[in-house]
Visitor: 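One structure, as structure tokens, below. Some questions next.
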Amino acid sequence: KILCKPLRQGNDAKTNQSIRWPSPRLLVMIIGSTVLLVMFTLFKSTSSFVYKACYRNIRPSRLFSSFFSDLSWKDVGITDASLLERLNQANLNVPTTIQAASCQQILNSPEDATIGAETGSGKTLAYLVPLLQSQTDQRTLILEPNKELVNQVVRMASVLTDEPPSVIPGGLDAPVDWAPWRQEEALPFMISTPASIQSWAWSPKHMDFFSQIQRVVLDEADMLLDGGYLRPLQDVLMGFRRADRMAAKWEEESHRTHY
């Protein structure tokens with residue numbers, strides 16, 4: 001009886017007001033979201049198919065041909081048996097393109113070398129490997145912007161040699177305050193920041209330190225030549241220039257005395 005009871009006019013109006021259809025804006029949003037979802041699903045499946053089809057036609061050697069060199073370490077002048085063994089143990093069997101080019105330039109040319117490549121291409125080993133190959137009585141100084149990069153290079157060099165670069169700490173008044181410098185044996189590799197040895201370049205009595213270094217590496221040169229790193233680097237390079245002038249002057253005076 002209750003279900004079959006006819007509704008009054010007031011109840012009909014109330015019932016009609018409670019049933020509301022979605023607004024046109026909401027309908028447009030629902031339809032648009034559905035279309036976008038369908039398009040995204042189709043695009044994802046199509047792109048996956050195209051990627052797999054293209055990948056089957058490209059061999060890995062072609063994918064990485066621009067990163068790794070076609071030459072071996074021996075082809076670029078690395079002949080030290082111990083160094084080659086260390087490289088193989090570190091799974092560095094093939095040099096990258098920048099490493100092959102830098103090895104040939106550093107080992108075969110007396111000119112300065114500038115190494116520039118993208119991050120992760122092996123620029124640190126690009127100068128470490130040829131320097132280890134041509135290791136002689138000459139002393140090499142590697143300059144890094146900060147101590148974090150110093151530690152990074154030392155760790156990488158420790159993989160390739162039992163004698164990694166000796167770290168010159170900061171806060172020393174003179175080179176003789178650094179114990180390794182007082183040793184009679186020549187230090188093949190030294191590494192530091194320009195700020196650590198900046199004060200040594202100001203005093204003529206420390207010119208022997210700069211005169212006994214034959215090779216200088218400016219690692220991360222874009223950082224060293226910018227901001228707060230620039231002034232310490234300029235002072236260190238000034239120390240090398242002063243040492244060269246003093247050496248030329250002494251040589252000229254020795255010739256005059258001889259004649």
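Keep in mind that what you see is a predicted model, and the values were worked out from it rather than measured.
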Visitor: Using side-chain heavy atoms (C-beta onward) and a distance below 4.5 Å, is Val216 in contact with Thr140?
Guide: no

Visitor: Supply the atom-to-atom distance Asp226 CG to Glu220 CD, rounded to the nearest 0.5 angstrom.
Guide: 12.5 Å

Visitor: So, taking the atom named CD in Glu163 and the one named OG in Ser158, what distance separates them when rounded to the nearest 0.5 Å?
Guide: 11.0 Å

Visitor: Do Met246 and Ser211 come within less than 4.5 Å of each other through their side chains, counting heavy atoms only?
Guide: no

Visitor: Can you confirm whether more than 12 heavy atoms, excluding those of Asp222, are under 6.0 Å from its CG atom?
Guide: yes

Visitor: Is there a continuous path of hydrophobic side-chain contacts, each under 4.5 Å between heavy atoms, that joins Leu237 to Leu230?
Guide: yes

Visitor: Is there a side-chain contact between Arg231 and Gln198, using heavy atoms and a 4.5 Å cut-off?
Guide: yes

Visitor: For residues Trp178 and Leu172, report the shortest heavy-atom separation together with the two atoms involved.
Guide: CB-CD1, 3.6 Å

Visitor: Locate the shortest heavy-atom distance separating Ser192 from Ser196; write the atom from each residue and the value.
Guide: OG-CB, 3.3 Å

Visitor: Going through the distances and angles, do Glu111 and Gln105 end up as a side chain to side chain contact (heavy atoms under 4.5 Å, CB included)?
Guide: CA-CA 8 Å; Glu111 301 295 331; Gln105 175 69 20; 4.3 Å; yes

Visitor: State, to 0.1 Å, how close Trp73 and Cys103 come at their nearest heavy-atom pair, and which atoms those are.
Guide: CZ3-SG, 4.1 Å

Visitor: Please check this pair: side chain of Lys123 against backbone of Ala117, looking for a donor-acceptor N/O pair closer than 3.5 Å.
Guide: yes

Visitor: Search all heavy atoms of Phe210 against all heavy atoms of Val236 and return the closest pair with its distance.
Guide: CE2-O, 3.9 Å

Visitor: Within the distance-only criterion (no hydrogens, no angle test), does the side chain of Asn88 pair as donor or acceptor with the backbone N or O of Leu84 below 3.5 angstrom?
Guide: yes

Visitor: For Trp200, does the six-membered ring have the charged nitrogen or CZ of Arg242 within the cation-pi criterion, i.e. under 6.0 angstrom from the centroid and within 45° of the normal?
Guide: no

Visitor: Any donor-acceptor pair under 3.5 Å linking the side chain of Ser72 with the backbone of Asp75?
Guide: yes

Visitor: In the structure I gave you, are the side-chain heavy atoms of Val129 and Gln99 within less than 4.5 Å of one another anywhere?
Guide: no

Visitor: To the nearest 0.5 Å, what is the distance between OG1 on Thr193 and CD1 on Ile168?
Guide: 9.0 Å

Visitor: Taking the side chain as everything from C-beta on, heavy atoms only, tell me whether Phe189 gets closer than 4.5 Å to Val154.
Guide: no

Visitor: With a 4.5 Å heavy-atom cut-off, do Pro188 and Arg139 have their side chains touching?
Guide: no

Visitor: Rounded at 0.5 Å granularity, tell me how far CG in Leu125 sits from CG in Leu160.
Guide: 6.0 Å

Visitor: Kindly compute the distance separating CD1 (Ile78) from CG (Leu83), expressed to the nearest 0.5 Å.
Guide: 6.0 Å

Visitor: Side chains of Val150 and Ile142: closer than 4.5 Å at any heavy-atom pair?
Guide: no

Visitor: Is there a continuous path of hydrophobic side-chain contacts, each under 4.5 Å between heavy atoms, that joins Leu225 to Leu218?
Guide: yes

Visitor: Under the side chain to side chain contact (heavy atoms under 4.5 Å, CB included) rule, what do Leu143 and Ile197 come out as? Steps first, then yes or no, please.
Guide: CA-CA 10 Å; Leu143 294 176; Ile197 59 176; 4.1 Å; yes

Visitor: Any salt bridge between Arg86 and Asp80, counting N to O under 4.0 Å?
Guide: no

Visitor: Quick one: does any side-chain atom of Ser102 pair with a main-chain N or O of Ile98 as donor and acceptor, under 3.5 Å?
Guide: yes

Visitor: In Å and rounded to the nearest 0.5 Å, what is the CD to CG distance from Gln104 to Leu107?
Guide: 9.0 Å

Visitor: Does any part of the side chain of Arg215, heavy atoms only, come nearer than 4.5 Å to the side chain of Leu131, both counted from C-beta?
Guide: yes

Visitor: Dump the intermediate steps for side chain to side chain contact (heavy atoms under 4.5 Å, CB included) on Val153 and Leu128, then the final yes or no.
Guide: CA-CA 9 Å; Val153 173; Leu128 276 180; 4.3 Å; yes

Visitor: What is the minimum heavy-atom distance between Ala174 and His206, and which atoms define it?
Guide: CB-CE1, 3.3 Å

Visitor: Using modelled atom types only, decide if a donor and an acceptor are shared between the side chain of Gln133 and the backbone of Thr79 within a distance under 3.5 Å.
Guide: yes

Visitor: Side chain to side chain contact (heavy atoms under 4.5 Å, CB included), that's the test. Do Ser82 and Glu85 meet it? Break it down for me.
Guide: CA-CA 5 Å; Ser82 177; Glu85 183 179 358; 5.5 Å; no

Visitor: Nearest heavy-atom pair of Asp208 and Trp181: which atoms, and what distance?
Guide: O-CZ2, 4.3 Å

